[in-house]
Amino acid sequence: MKFYIIDRQVSTKPAIFNNVNEVVNTLEKVVQYKFKLNRKQYMQNLIDLGYGADDSLGRTFTESMSEHVEIGVVKNGACVRCNIHEAAHHAKYVEEMGH
């Protein structure tokens, strides 16, 4: 499974990634140039607004950042915007349990 980010402030071409961790690591760089904050500071702002703490996989962070950049999976050569954590979880389930 491949994942992508499109930050239209930078380019209309997708940046492609092999796993969710690569996406989260890249989003940590994106939040720095978009908001002049590191991930911890950005998440503290969300916590202060009542969004709750982030999990170790960066689910809350990623979902919040999806409001500012396009994030999703590459399916049959096309970029499909979606929750990448749910897509990865579903793909793992299908792989382990079958169709």
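All values below were derived from every heavy atom in this structure, side-chain atoms included, with hydrogens, water molecules and symmetry-related copies excluded.
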Heavy-atom pair of closest approach, residues S11 and K13: OG-N, 3.0 Å
Could I get the full list of salt bridge (charged side-chain N to carboxylate O under 4.0 Å, His left out) partners for E22, not counting sequence neighbours? none
Not counting sequence neighbours, list each pair that qualifies as a side-chain hydrogen bond (donor to acceptor under 3.5 Å, both in side chains) and has a residue in residues 74-91. R59-E86, T62-H85, E63-N83
Heavy-atom distance under 4.5 Å between the side chains of F35 and Q41, does that happen here? no
Between Y51 and M43, is there a side-chain heavy-atom distance shorter than 4.5 Å? no
Might you work through the side chain to side chain contact (heavy atoms under 4.5 Å, CB included) test for F3 and I71, ending with a clear yes or no? CA-CA 8 Å; F3 303 90; I71 303 169; over 6 Å; no
Taking ILVMFWY side chains as joined if any heavy atoms are under 4.5 angstrom apart, and letting links pass through other members, which residues group with I6? Y4, I16, V74
Roughly how far, to the nearest 0.5 Å, is CE of M65 from CG of D7? 7.5 Å
Report yes or no: do L57 and V23 belong to one cluster of Ile/Leu/Val/Met/Phe/Trp/Tyr joined by side chain heavy-atom distances under 4.5 Å? no
Quick check on the hydrophobic clustering: are M97 and M1 connected, directly or via other members, by side-chain heavy-atom contacts under 4.5 Å? no
Side-chain heavy-atom pair N38, E28 within 4.5 angstrom cut-off: no
How long is the straight-line distance from SG of C82 back to CD of E70, given to the nearest 0.5 Å? 10.0 Å
Can you confirm whether K2 sits close enough to N18 that some side-chain heavy atom of one is under 4.5 Å from a side-chain heavy atom of the other? yes
When you look at V69 and K34, which way does the side chain to side chain contact (heavy atoms under 4.5 Å, CB included) test go after all the steps? CA-CA 10 Å; V69 297; K34 280 196 175 291; 3.6 Å; yes
Find the distance between CD1 (I5) and CD1 (I84) and round it off to the nearest 0.5 Å. 7.0 Å
So if you build clusters from Ile, Leu, Val, Met, Phe, Trp, Tyr with side-chain heavy-atom gaps below 4.5 Å, do L27 and V10 land together? yes
Quick check: do F61 and V31 have side-chain heavy atoms less than 4.5 Å from each other? yes
Evaluate Q32 against Y42 for side chain to side chain contact (heavy atoms under 4.5 Å, CB included), listing each step before the verdict. CA-CA 9 Å; Q32 288 176 347; Y42 180 82; over 6 Å; no
